[in-house]
Amino acid sequence: MAVLDVTWAVKWLTLSAQAMAEHRAYLIELDRAIGDSDHGENMDRGFQAVLDKLSETPPGTPGVALKLTAMTLMSKVGGAAGPLYGTAFLRAATSLGESAEIDPAALANALAAARDGIVARGKAEPGDKTMVDAWTPAAEAARKAAVDGDVLAVLVAAAEAAEAGAVATDPLVARKGRASYLGERSAGHRDPGAASSALILRAAVGAAA
Amino acid sequence: MAVLDVTWAVKWLTLSAQAMAEHRAYLIELDRAIGDSDHGENMDRGFQAVLDKLSETPPGTPGVALKLTAMTLMSKVGGAAGPLYGTAFLRAATSLGESAEIDPAALANALAAARDGIVARGKAEPGDKTMVDAWTPAAEAARKAAVDGDVLAVLVAAAEAAEAGAVATDPLVARKGRASYLGERSAGHRDPGAASSALILRAAVGAAA
Amino acid sequence: MKKLINDPRAVVEESVQGFGLAHANLVTVSTDPTFITRNDAPVSGKVGLVSGGGSGHEPLHAGFVGRGMLDAAVPGAVFTSPTPDQILPATLAVNAGAGVVHIVKNYTGDVLNFETAGELAEAEGVSVRTVLVNDDVAVEDSLYTAGRRGVGGTVLVEKIAGAAAERGDDLEAVAAIGERVNANVCTMGVALSACTVPHAGTPSFDLAEDEIEIGIGIHGEPGRHRIPMENADGITDRLLEPVISDLGIASGDRVLLFVNGMGGTPLSELYIIYRRAAQVLSERGASVKRSLVGNYITSLEMQGCSISVLRLDDELTDLWDAPVHTAALRWGV
Amino acid sequence: MKKLINDPRAVVEESVQGFGLAHANLVTVSTDPTFITRNDAPVSGKVGLVSGGGSGHEPLHAGFVGRGMLDAAVPGAVFTSPTPDQILPATLAVNAGAGVVHIVKNYTGDVLNFETAGELAEAEGVSVRTVLVNDDVAVEDSLYTAGRRGVGGTVLVEKIAGAAAERGDDLEAVAAIGERVNANVCTMGVALSACTVPHAGTPSFDLAEDEIEIGIGIHGEPGRHRIPMENADGITDRLLEPVISDLGIASGDRVLLFVNGMGGTPLSELYIIYRRAAQVLSERGASVKRSLVGNYITSLEMQGCSISVLRLDDELTDLWDAPVHTAALRWGV
Ligand SMILES: Nc1ncnc2c1ncn2[C@@H]1O[C@H](COP(=O)(O)OP(=O)(O)O)[C@@H](O)[C@H]1O
Ligand SMILES: Nc1ncnc2c1ncn2[C@@H]1O[C@H](COP(=O)(O)OP(=O)(O)O)[C@@H](O)[C@H]1O
Ligand SMILES: [Mg+2]
Ligand SMILES: [Mg+2]
Ligand SMILES: [Mg+2]
Ligand SMILES: [Mg+2]
């Protein structure tokens with residue numbers, strides 16, 4: 001049975017960093033189509049820095065791990081993604097508090113807090129073709145799964161919903177972020193931030209499996 | 001029988017202008033390979049201006065026609081070719097003096113004067129891969145043909161020698177002009193100025209035929 | 001991708017180092033985090049001016065650090081806004097007690113990162129005002145977008161607000177001047193070719209030999225629409241018309257005309273654009289009082305240009321004319 | 001070919017017109033024949049300075065017309081030297097009785113056309129001295145060539161000789177200063193891409209994605225040899241080494257380091273080159289006292305750069321620092 005403790009958190013962040021490195025070119029390519037070609041580079045740089053931080057100051061709880069991640073992403077990613085992911089991880093960390101282990105309800109709450117942080121910061125609504133379109137269904141699916149599922153079920157539900165949410169950005173016309181300048185021309189492309197969000201939530205499953 | 005009077009001179013310059021317009025792209029391409037891509041444009045611009053001048057102030061003798069050409073090329077061509085062709089036509093005009101009609105000996109002398117003018121101005125020797133490599137054999141062939149040939153024979157000999165001279169620049173390594181900067185890399189290309197010289201001397205035949 | 005670089009990831013760092021070496025008489029380069037300050041910062045009694053953004057737009061912003069313009073520039077990665085941990089120390093370094101104005105181009109990333117840095121600076125007792133630059137008329141429906149982008153007008157805001165700070169205006173006044181410039185400038189750009197972000201390695205968009213992108217920003221992003229290639233006068237008219245009509249330029253208006261190269265266009269072509277734009281403005285009865293032509297806010301090696309028009313009044317004209325001593329803009333000193 | 005132009009044959013004319021409109025406070029544009037003079041020419045008592053050459057190198061030369069630099073610039077067609085009927089009236093227009101210096105880049109066409117114009121001017125009673133600029137160390141065997149070309153050093157000759165004329169030096173002295181600069185400056189350039197001459201319509205040479213041309217001039221002509229692409233530091237070393245050894249730069253020498261862009265290279269990359277060049281010069285014990293980084297003598301939109309080193313003495317340094325007020329170079333005024 002999966003236990004979401006600090007070991008899981010560190011593994012999650014490590015797998016996220018691996019995913020960013022592996023999909024760096026893919027995320028750049030998505031951003032090239034409707035943005036400025038930097039999302040993969042930004043996320044890769046940010047998560048490599050997270051790995052460095054984690055080994056410098058090993059965290060004691062999942063909350064501390066996520067807070068460290070938040071601060072590092074905030075100071076290393078830049079662009080729109082930096083502050084947005086930074087806020088997401090910071091709100092999730094705050095929501096988790098000092099607990100050593102995360103139960104399904106706490107997990108769903110943390111994901112909802114992350115999602116709400118992104119919305120508070122970026123003012124995007126669902127359907128604006130941003131990472132909100134991955135996080136909103138993810139948080140919603142997590143809430144439902146937490147009613148009678150275990151943490152792994154919650155993580156899987158969130159990851160699957162995020163992936164579906166990212167795919168669902170394809171036909172949308174962007175109304176926030178850099179892609180919005182393209183108007184109708186933004187349709188037919190996947191939002192890079194939604195794609196990286198799905199990768200990160202999938203890494204959370206991998207760390208628990 | 002060909003008569004080299006002012007009518008011939010004007011026809012020669014008109015056919016030269018046509019040849020420059022027609023071979024503009026060819027001369028640019030030759031200059032692109034070992035120079036700076038402007039020779040065809042320069043010659044075309046210059047000879048179009050010569051046509052304008054000729055119709056503005058119709059010349060009374062071949063000498064006047066060539067002097068007008070010299071002044072116009074000098075002020076409209078620019079680059080290395082402008083002063084060199086300007087000097088060539090000026091020296092030829094001076095050599096012809098005020099005579100209304102050119103005999104074989106006068107023609108050969110005028111071509112030699114043109115050739116010597118180019119050498120005096122540009123300090124190139126035969127084999128340096130310049131227009132001198134067209135004019136030197138042309139003047140020499142004209143001198144020989146003038147011994148017992150008529151003016152047409154002299155013109156034909158000059159044109160053929162110039163053409164052969166231009167072709168013979170292909171393997172040479174340039175030692176004067178812009179192509180010299182290429183060193184060994186200039187070999188394997190025809191000198192643009194030698195090529196335009198051959199075209200102009202061929203036009204002289206056409207005007208007399 | 002062929003570039004005069006070493007490691008694609010070291011481009012900003014090495015370029016800023018070279019900038020610091022070449023202009024050691026003007027600026028100091030701080031590393032880890034990276035920012036550039038004028039040598040005499042903080043200037044006693046003066047409001048500090050900080051701008052920044054992604055790199056790749058040089059000479060903006062580092063080239064505008066110096067007397068009469070910026071006190072600090074904060075370069076992010078290429079086309080990526082800088083982070084609060086760069087912006088905050090730059091802000092603190094140039095604060096002389098009179099407060100600091102952040103000049104921020106309106107992009108989500110820049111806005112969010114400067115916002116955070118501003119809050120952190122306020123928490124450390126520094127008064128911060130933000131001037132948001134959004135002069136790009138290519139963004140039509142700002143209701144359905146992140147709003148108009150900050151493009152060419154940024155240079156003019158930095159120069160004129162910089163002059164206001166230098167003459168001793170207080171924090172609110174400097175911010176107000178910056179906002180007045182922003183309110184009176186509009187810009188529109190065109191790309192003839194894309195640019196290649198070093199870490200990406202491929203051109204930012206694909207453009208056929210006979211197509212151009214109208215309404216581009218400065219991040220190598222595709223523009224609003226794509227049209228067949230036109231001649232310089234046609235393109236100028238296409239860029240200038242929305243600028244003129246958005247500003248409501250009327251007969252008798254005095255203006256500054258700024259033709260900006262995107263980095264890969266010969267200066268001679270910018271003057272061909274300038275010629276037409278000046279002619280059209282005169283035909284409309286506007287009087288071109290000041291001009292700026294050159295590569296000032298670029299997109300790496302992109303070919304193309306932008307046209308900015310700033311409506312002038314006496315004060316803005318005086319502030320434009322005031323001495324400025326930076327690496328990229330200098331006069332009167 | 002995609003360019004911001006109208007008629008390929010009107011490029012120079014329209015560009016010069018735009019230049020005249022944008023800098024009406026500095027220069028006067030004469031047409032038919034075309035040349036550009038500073039507004040206050042002829043300056044009483046002052047030696048006149050005239051330079052010129054083919055167009056396509058902007059801002060050179062028109063961008064350097066003004067106080068402390070050139071009195072007149074004479075632009076030819078693109079990459080084609082101007083003709084005597086342009087050079088002569090420009091020379092007459094700036095002659096105040098103290099004579100005129102022609103600054104001529106060493107290309108056959110420029111030399112011949114300026115020579116003729118000089119003779120014609122002398123015939124009209126104007127004393128003319130010619131400073132021939134030939135700083136390009138890429139031309140190895142000047143015995144078997146038209147001699148070294150005039151490239152980046154031209155900008156430095158124009159600035160420093162211009163300052164000498166402005167301070168009142170007589171004709172021989174101005175020419176001597178110009179020659180001293182030329183004798184103490186060497187340059188070498190590299191192209192990452194070719195340029196396209198408007199009237200030709202195709203790139204001036206073909207270069208594979210992984211090749212660069214070393215030892216290029218400024219006319220889009222191919223260089224001396226072609227090598228596989230290298231990183232910025234490697235390219236810098238390759239350009240700088242022959243410059244340093246030809247000049248015989250020794251420990252203790254004071255120098256001006258000039259990194260010039262060919263028109264299509266981002267400024268950020270020029271600073272990466274500058275960084276390495278400054279490092280290498282310091283390692284050799286030379287002291288970089290002055291610097292210039294930017295697009296000053298270009299080849300249309302070519303990507304690449306050149307590195308020039310000028311050995312300084314006190315007088316050359318003072319003349320470099322003297323006020324200059326032109327469209328492209330301005331300080332102290
Ligand atoms: N206002 C916003 N709200 C939520 N997400 C946003 C917003 N603006 C941008 N994003 C997200 O940020 C992603 C782009 O990140 P990135 O490319 O790193 O930054 P930038 O756009 O500054 O270059 C977009 O794909 C989108 O998911
Ligand atoms: N010193 C010289 N003597 C004779 N001919 C020369 C000399 N230098 C150059 N040329 C001729 O001029 C031609 C180039 O003319 P053009 O392209 O119009 O001028 P530029 O070289 O100035 O661009 C060369 O092909 C060569 O024939
Ligand atoms: Mg991006
Ligand atoms: Mg040529
Ligand atoms: Mg970005
Ligand atoms: Mg030429």
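The sequence lines fix the lettering, A, B, ..., with proteins before strands; numbering per chain opens at 1.
- Neither the backbone nor the side chain of B/Val173 comes within contact range of chain D, judged by heavy atoms closer than 4.5 Å.
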side-chain contact (heavy atoms from CB on, under 4.5 Å) between B/Leu84 and D/Leu112, intermediate numbers included:
CA-CA 8 Å; B/Leu84 292 169; D/Leu112 295 180; 3.9 Å; yes
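- Distance check, rounded to the nearest 0.5 Å: CZ of B/Arg24 to NE2 of D/His199 gives 7.0 Å.
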Pair B/Glu41, D/Val78 - check side-chain contact (heavy atoms from CB on, under 4.5 Å), show working.
CA-CA 10 Å; B/Glu41 177 72 14; D/Val78 174; over 6 Å; no
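- A distance-only check finds a donor-acceptor pair linking the side chain of B/Arg185 to the backbone of D/Gly223 [under 3.5 Å].
- Atom CG of D/Asp210 has more than 12 heavy atoms from other residues, nucleotides or ligands within 6.0 Å.
- Annotation for B/Glu184: atom CD does not count as buried by contact number, only 12 or fewer foreign heavy atoms lying within 6.0 Å.
- B/Ala124 does not touch chain D: none of its heavy atoms, backbone or side chain, sits under 4.5 Å away.
- For B/Ala174, the part lying under 4.5 angstrom from a heavy atom of chain D is the backbone only.
- For D/Lys3, the side-chain hydrogen bond (donor to acceptor under 3.5 Å, both in side chains) partners at least two apart in sequence or on another chain are D/Glu301.
- In this structure, CD1 in B/Ile28 is found 13.0 Å from OG in D/Ser204, a value given to the nearest 0.5 Å.
- Atom CD of B/Glu98 sits in a sparse spot, with 12 or fewer heavy atoms from other residues, nucleotides or ligands closer than 6.0 Å.
- Taking all atoms of both residues into account, the shortest heavy-atom contact from D/Thr80 to B/Gly78 is CG2-C, 3.7 Å.
- Note: B/Ser186 OG to D/Glu221 CD = 13.0 Å, rounded to the nearest 0.5 Å.
- Applying a 4.5 Å heavy-atom cutoff, the residues of residues 57-76 of chain B that approach chain D are B/Met74, B/Ser75, B/Lys76.
- Only the side chain of B/Asn42 comes within less than 4.5 Å of a heavy atom in chain D; its backbone stays farther off.
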D/Arg9 vs B/Asp44, test: side-chain contact (heavy atoms from CB on, under 4.5 Å). Steps then yes/no.
CA-CA 12 Å; D/Arg9 292 188 168 173; B/Asp44 184 27; 2.9 Å; yes
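- A donor and an acceptor atom, one from each side chain of D/Thr108 and B/Arg121, are nowhere located under 3.5 Å apart.
- Judged by the 6.0 Å and 45° rule, B/Arg32 forms no cation-pi pair with D/Phe205.
- The minimum heavy-atom distance linking D/Gly147 with B/Tyr181 is given by the pair O-CE2, 3.1 Å.
- Using a 4.5 Å heavy-atom threshold, the side chains of D/Pro222 and B/Leu182 count as touching.
- Using modelled atom types, one side-chain atom of D/Asn113 and one backbone atom of B/Gly79 make a donor-acceptor pair closer than 3.5 Å.
- The shortest heavy-atom contact between D/Phe79 and B/Asp38 is O-OD2, 2.9 Å.
- Heavy-atom pairs under 4.5 Å with chain B were tallied for D/Pro203, D/Pro82, D/Ser299; the largest tally goes to D/Pro203.
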